[in-house]
Amino acid sequence: MKYNNRSKAVLLLKDGTIFHGKSIGIEGVTFGEVAFNTGTTGYQEIFTDPSYFGQIMVTTNAHIGNYGVNDKEVESDSVKISGLVCKNFSFNYSRVDASESLFDYLSKQNLIVISDVDTRALVSYIRDNGAMNAVICTDGTPIEELKERLAQVPDMNGLELASKVSTSEPYFFGEETAKYKISALDLGIKTNILRNLAKRDCYIKVFPYNASYEDLKSFSPDGYFLSNGPGDPEPLECAQEVAKQILNENKPLFGICLGHQIIGLANGISTYKMFNGHRGINHPVKNLISGKGEITSQNHGFAIVRDELDKHPDFELTHEHLNDGTVAGMRMKSKNCFSVQYHPEASPGPHDSSYLFDQFIENIKTASN
C-alpha cells in the first residue's frame with residue numbers, strides 16, 4: 001500500500017470557527033453551505049444529486065471511498081456538491097464492479113476535499129449552531145483572505161439554484177411506446193426518479209426549470225411531475241405559475257422535495273429555511289392515511305410551514321416527520337395532486353416509499369376513466 005504524504009487543509013465556517021484536516025491531493029478553494037448527511041452508504045449518489053448543488057457535504061460515516069465508484073450509480077451527469085468533508089478518505093477500494101477509485105473520480109471533476117477532520121465534533125457544532133456558509137482550503141491561502149472571500153458568498157436563503165442544474169433543452173426518458181406520458185419539470189431531477197417512472201410504463205419528457213405550462217401541456221401528458229432540486233423555492237415564480245395552471249387543468253400532479261414546496265407556494269402556503277435541514281437515508285416518517293411508518297431518504301434545507309398547511313381548507317397533511325413534526329407529505333382535497341418532502345426513489349436509501357410512484361400511476365388511471 002502506497003503512503004501518501006498529504007498537505008494540511010482547513011474548513012473555515014462563516015462564524016470564524018476553524019476545523020483542521022488534510023488535503024487528499026486536489027488543491028484549491030471552494031465555498032458553499034456546510035451540511036451533513038447521516039447515510040452510511042451511497043456517497044456517489046449523494047455527490048451527484050442535483051439537490052446538493054451549493055452544499056459542502058460532511059459525511060458522518062467514518063469511511064468514504066472504500067467501495068470506489070460505479071458508472072451506473074450516478075444521479076446526474078457530474079458531481080454537484082461544492083466540496084467534501086470526511087473523516088477517513090479511502091484511496092484504495094474493494095468492490096467487484098467498481099470502475100475506479102473515488103479519488104480518481106473526484107480528481108477528474110476537481111472537487112476539493114478535506115479529510116482527517118473530527119466530523120463528530122463538526123456535526124455536533126452544526127447541529128447546535130445551524131447550517132452556514134463555509135470554505136474548504138487545501139492550497140494554503142491565508143485565513144484572513146479566506147474570511148474576506150467567504151463574507152461575499154450569498155446566503156442560501158433567497159438563493160435560486162434550480163437554473164444551475166436544470167437541463168437547457170427538453171429530452172425524453174423511457175420507451176416511446178409506453179402506456180403513460182409524463183411531463184416533468186426539471187428543477188434538479190434525479191435520474192432514479194426517471195427510472196422509477198419508466199419502470200411503471202411511463203414515457204417522460206423532461207423540461208427546463210423555466211418552461212411554461214404551454215410547453216409542458218404540448219406533450220399531451222397523462223400527468224405532470226415537479227422534481228426535486230437545490231436552493232430556495234420562493235424565487236422560482238415561473239415554476240409556481242406552472243403549478244397553478246396545472247392545478248387549474250386538474251390532471252394528476254406529483255411533486256417531490258422542491259416540487260412539493262412549489263405546490264405549497266402556488267397555493268399561498270409559505271416555506272422557510274430550516275435550522276439544519278434533513279439529509280440522510282434513515283429519517284422516520286409516518287403515513288397519516290395508512291398509519292404505517294416509513295424509513296426515508298431525505299435531502300432538503302427548506303420546508304412547508306405546517307401551521308399554514310393545517311389552516312388551508314383545501315389541503316390535508318398526509319405524512320409527518322417523526323423527529324420534529326415537520327410536513328413530510330400533503331394532498332389537495334379538490335385537485336388530483338399530492339406531494340412529499342422526501343425521496344421515494346431513494347438512491348441511496350430504503351425503498352419503503354416507492355409505493356408513491358404507484359399511487360401517482362393509480363391517479364392517472366382514475367383520471368383517464
Side-chain angles (χ1 to χ4, degrees), residues 23-26 30 32-117 119 123 136 164-165 167 173 186 188-196 198-199 227-230 256-257 277-283 295-300 342-351 354:
S23 169
I24 68 166
I26 305 170
T30 188
E33 183 186 67
V34 66
F36 60 89
N37 186 292
T38 57
T40 56
T41 61
Y43 53 73
Q44 186 180 356
E45 293 93 326
I46 292 167
F47 300 163
T48 57
D49 181 350
S51 292
Y52 281 122
F53 186 88
Q55 304 271 325
I56 289 177
M57 181 51 52
V58 182
T59 52
T60 59
N61 188 20
H63 300 279
I64 297 299
N66 51 308
Y67 58 82
V69 297
N70 184 305
D71 294 338
K72 297 179 181 179
E73 296 175 357
V74 294
E75 290 302 318
S76 67
D77 59 358
S78 64
V79 169
K80 292 298 189 292
I81 59 173
S82 296
L84 171 63
V85 183
C86 61
K87 176 60 177 173
N88 301 311
F89 187 91
S90 299
F91 292 86
N92 300 293
Y93 62 94
S94 176
R95 186 185 184 195
V96 172
D97 58 353
S99 56
E100 62 182 333
S101 71
L102 182 60
F103 175 76
D104 289 339
Y105 180 73
L106 297 181
S107 294
K108 292 175 183 176
Q109 304 190 49
N110 199 35
L111 186 81
I112 309 301
V113 182
I114 179 173
S115 68
D116 294 76
V117 174
T119 49
V123 169
I136 300 173
K164 307 294 185 183
V165 296
T167 182
F173 192 97
D186 177 14
I189 198 164
K190 289 176 64 180
T191 302
N192 206 42
I193 289 174
L194 298 174
R195 293 191 196 105
N196 269 274
K199 186 168 65 175
S227 85
N228 62 293
I256 286 176
C257 215
H278 297 150
R279 298 175 181 90
I281 58 176
N282 52 1
H283 287 253
I295 301 302
T296 66
S297 178
Q298 303 209 4
N299 171 20
H300 60 101
Y342 53 98
H343 288 265
E345 82 289 346
S347 188
H351 298 161
S354 60

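Values reported hereafter were calculated over all heavy atoms of this structure, with side chains retained and with hydrogens, waters and symmetry mates removed. FYI, the numbering just counts along the sequence from 1.
- Separation of atoms CZ (Phe91) and CG (Leu102) is listed at 9.5 Å; rounding is to 0.5 Å.
- Between the side chain of Tyr67 and the main chain of Val96, no donor-acceptor pair closer than 3.5 Å is present.
- Using a distance-only test at 3.5 Å, with no hydrogens or angles considered, no donor-acceptor pair links the side chain of Gln109 to the main chain of Ser78.
- Interatomic distance, CD1 of Ile189 versus CG of Leu194, reported as 4.0 Å (0.5 Å rounding).
- At least one donor-acceptor pair under 3.5 Å links the side chain of Thr30 to the backbone N or O of Ser82.
- When side chains are defined from C-beta on, Val165 does not count as touching Ser76, because their heavy atoms never get closer than 4.5 Å.
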Can you check side-chain contact (heavy atoms from CB on, under 4.5 Å) on Arg95 and Asn70, steps first, answer last? CA-CA 10 Å; Arg95 186 185 184 195; Asn70 184 305; 3.8 Å; yes
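- Defined by atom type and a distance below 3.5 Å, a donor-acceptor pair is missing between the side-chain atoms of Asn228 and Asn299.
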Quick one, Tyr105 with Val79, criterion side-chain contact (heavy atoms from CB on, under 4.5 Å). Give me CA distance, side-chain angles, the key distance, then yes/no. CA-CA 9 Å; Tyr105 180 73; Val79 169; 3.7 Å; yes
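- Within the 4.5 Å cutoff, side-chain heavy atoms of Ile281 are placed close to those of Pro350.
- Interatomic distance, CG of Asp71 versus CD of Gln44, reported as 7.5 Å (0.5 Å rounding).
- Minimum interatomic distance between Lys80 and Thr48 (heavy atoms only, all atoms of both residues): CG-O, 3.8 Å.
- The line from SG of Cys257 to NZ of Lys190 is 9.0 Å long, rounded to the nearest 0.5 Å.
- Contacts of Ser115 classified as side-chain contact (heavy atoms from CB on, under 4.5 Å), with partners at least two apart in sequence or in another chain: Arg6, Lys22, Ile24, Cys86, Phe89.
- A donor-acceptor pair is defined here as one N or O able to donate and one able to accept, closer than 3.5 Å; no such pair exists between the side chain of Asn88 and the backbone of His63.
- With sequence neighbours excluded, the residues satisfying side-chain contact (heavy atoms from CB on, under 4.5 Å) with Val117 are Phe19, Val85, Ile114, Thr119, Leu122.
- The distance from the CD1 atom of Ile64 to the CG atom of Leu106 is 10.5 Å, given to the nearest 0.5 Å.
- Considering His278, Arg279, His343 as possible partners of Gln298, the one that fulfils the side chain to side chain donor-acceptor pair (under 3.5 Å) test is His278.
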I would like to know whether Phe173 and Arg195 meet side-chain contact (heavy atoms from CB on, under 4.5 Å); could you show each step before the answer? CA-CA 8 Å; Phe173 192 97; Arg195 293 191 196 105; 4.0 Å; yes
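- Using modelled atom types, no side-chain atom of Lys164 and backbone atom of Pro50 make a donor-acceptor pair closer than 3.5 Å.
- For the pair Glu75 and Thr191, the minimum side-chain heavy-atom distance is below 4.5 Å.
- A heavy-atom distance below 4.5 Å is not found between the side chains of Val69 and Phe47.
- Contact of the Ile56 side chain with the Ile136 side chain is registered, since non-hydrogen atoms from C-beta on lie closer than 4.5 Å.
- Put simply, the side chain of Glu45 never gets that close to the backbone of Val74: no donor and acceptor are under 3.5 Å apart.
- Between the side chain of Ser101 and the backbone N or O of Asn92 there is no donor-acceptor pair closer than 3.5 Å.
- Ile46 is listed as a side-chain neighbour of Pro348, based on a closest heavy-atom distance under 4.5 Å.
- The closest side-chain donor-acceptor pair between Asn196 and Ser354, if any, does not fall under 3.5 angstrom.
- Checking Tyr52 against Asn37 by side-chain atom types alone, a donor-acceptor pair falls below 3.5 Å.
- Looking at Pro344, Ser227, Ser51 one by one, the single match for side chain to side chain contact (heavy atoms under 4.5 Å, CB included) with Ile256 turns out to be Pro344.
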